[in-house]
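Scroll down for the structure; my scribbles are underneath it.
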Amino acid sequence: MRKFLPVLSITIAAFFAYSTVLAKDITERSLAVKAVKLVEVFALLGAFVTVAMIVAALVSTSTFRIVFAQRMRELALLRAIGATRGHLARRLVVEGAAVGLLASIAGVVLAAGAGQLVPLFGLEAPGFPLTPALIVVFGSFVLTTLAVLAPAWSAAKVSPLEALRTSAVQDTKSRVGGLRWVLGLLMAAGAGVLLVNVVVEGLATKQRPAGMTEDLLLRTTISGTLAFGALITLGPALISPVLRMVSIPLRRSTIGSLAVSGVGGAPRRAASVTAIVALGVSLIIATLTGANTLQGLGKAEMAGAYPADLEITGPIDVRALRAAGLTDVLPYRRTEITIDGRLTMQASDLDMSKLRDLSDFKVDTGSLADMGPHKVILSTYTASRLGVTAGTQVDINGEQMTVAATVFGGVPLGHALLHPSDVDGEPIGALANGPKEKVPAGFEVESLTDHRLAQENWFTTLVAIAVGLLFLTMLISVVGVGSTTALSVLERTRESGLLRAIGLTRKELGRLITTEAGLYGIVGALLGLVIGVPYAWLAIISLGVEWPLQVPVVSVGVVVLALAALTAGAGLLPARRAARVSPVAALHSIQ
């Protein structure tokens, strides 16, 4: 069991990696879709599987470290009878790599077996792509080997005198060495400098040269990587203050106090596990926050591009349209304008304040209520290109006008809105709400609702796929919490027996273990929140999205609560094992 737990996450990651390959094969076979049409979708899948594999490697590193710490007496005895550090390190690496290879093969076999169940859902079963299978197995094997290197070398440095000591919890020090402090602070400083650089340059540069967006995204990625590296490096020193903050309500009960002491008693272990959880949480929260922000912008853009159910063109008879049962009939005229002799664009005199979906728009500067004769409403994109805001005087076709407001996401029917008194001619079209069938014969009509729904459904589906795939990393993080808790229970058998001996019941001991597991999730979620939201904002700036950051508070709260429940659930089996131990047997155990 101890040898299997460190690579359980690798098995899951290999399973999903090969499942992605089989999903592509199933799609091509069942839907007769060529691979070239699936490049974007499966590139996204591949990116998230890569993140999952990295998380799996981190989980394996953490659990290998715990397993080796529990075998300190055995390793010390080997040192005492003549084994060298290099010999022990090689032995541990070979051991971990062998188990990782078996876990990788198991993941691929499980994925292939699951693929054979696809015909039950009316799809054609996949084949067995051998080359991708070998790549997944080899990649998982290499990843596991790399994951075991640091724990193996650290364990190999054990002193022969450790053989004379008990194997109680090995990880009880929260002190971070000077070199580690320097490295962690340098990474944190580098992350901060890049963050400020992206914010300043991204907000200051309205007209971006080619390649600037990609450059800002690269700097954002590097900054996030450095921030996460600083979290891992300085984690043992950070875990105690964070734990004290989140555990205030728990300290009112005996079980809660014991759980806080149990997690805080092994700060390095807690830091490793919570850092892994934080990575998954930060990715999910950043995705949800970015998606919510882009959804707000998307609604404004959709409202600007498709501001009503129908667009009717040709000679407009407002009375006839209203008599036919259509509502919110808004006639409009179009004209071409040139602003400050620099930008030429289409403008209309649509009364924007009467639109049904006005709440989807967001004003940047000024107010829609300020609209009047000799005034204009511009999109933020147009305003930024001109360098103007609300209240600025602009030249439109040789006439001085005032910018009444600038609007995020664009304005309906063009790039600018004028007052009806500033536009000549008869209406050339109208917007209206209602079914297309009610439009009288003789009018040309286009359904804007269909276009809008297609765009919204595409965005919702993409976000759902991204969040669903990110929950894969959460699953692996939860597995890491479960394996860490299980190994901790094995390590603390005497402690559990002592608690039982002084009066703790089986149920209370079970609640203690599940509370400890839940604390890993809560602390990790808090750290993930601290990292995820700022970097979501940084990504929005890097992309040049002109829309304020919108954090989905409810969704974030659900993620935190769900994570706490999942990590607590991961401790159920270890809790049952701890509760079954006899106090007498536990006190006689050498473990």
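If you take CD1 on I239 and CG on L234, they are separated by 12.5 Å, rounding to the nearest 0.5 Å. The structure places OG1 of T221 at 9.5 Å from CG of L538, a figure rounded to the nearest 0.5 Å. The line from CG of L279 to OG1 of T274 is 11.5 Å long, rounded to the nearest 0.5 Å. Considering CZ of R506 and CG of L509, their distance stands at 10.0 Å, rounded to 0.5 Å. For the atom pair OG1 (T515) and OH (Y520), the distance works out to 12.0 Å, reported to the nearest 0.5 Å. Here CG of L92 is found 11.0 Å from CG of L149. Values are rounded to the nearest 0.5 Å.
S140 places no side-chain N or O within donor-acceptor distance of the main-chain N or O of V137, the cut-off being under 3.5 Å. At least one donor-acceptor pair closer than 3.5 Å links the side chain of Y535 to the backbone N or O of S223. At least one donor-acceptor pair under 3.5 Å links the side chain of T233 to the backbone N or O of G229.
Residues A191 and A227 share a closest heavy-atom pair of CB-N, 3.7 Å. Contact between T567 and G521 at its shortest, heavy atoms only, is OG1-CA, 3.6 Å. S542 and T220 get closest at one heavy-atom pair: OG-OG1, 2.7 Å. Taking both residues in full, the closest heavy atoms of W153 and A89 are given as CE3-CB, 3.8 Å, listed atom of the first, atom of the second, then distance. Between E508 and I255, the closest heavy-atom pair is O-CD1, 3.6 Å. Contact between A152 and V93 at its shortest, heavy atoms only, is CB-CG2, 3.7 Å.
No side-chain heavy atom of V560 sits under 4.5 Å from any side-chain heavy atom of L529. In this structure, L512 and L499 have side chains that are in contact, with non-hydrogen atoms separated by less than 4.5 Å. For the pair W537/T289, no side-chain contact is recorded, criterion being any heavy-atom separation below 4.5 Å from C-beta on. Residues N292 and V551 form no side-chain contact, since every pair of their non-hydrogen atoms from C-beta on lies 4.5 Å or further apart. Between V533 and L549 the shortest side-chain heavy-atom distance falls below 4.5 Å. Residues V559 and S555 fail the side-chain proximity criterion, which asks for heavy atoms closer than 4.5 Å.
With sequence neighbours excluded, no residue satisfies side-chain hydrogen bond (donor to acceptor under 3.5 Å, both in side chains) with R511.
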> Between T144 and V148, does a side-chain contact (heavy atoms from CB on, under 4.5 Å) hold up when you go through it step by step?
Replying inline: CA-CA 6 Å; T144 310; V148 77; 5.7 Å; no
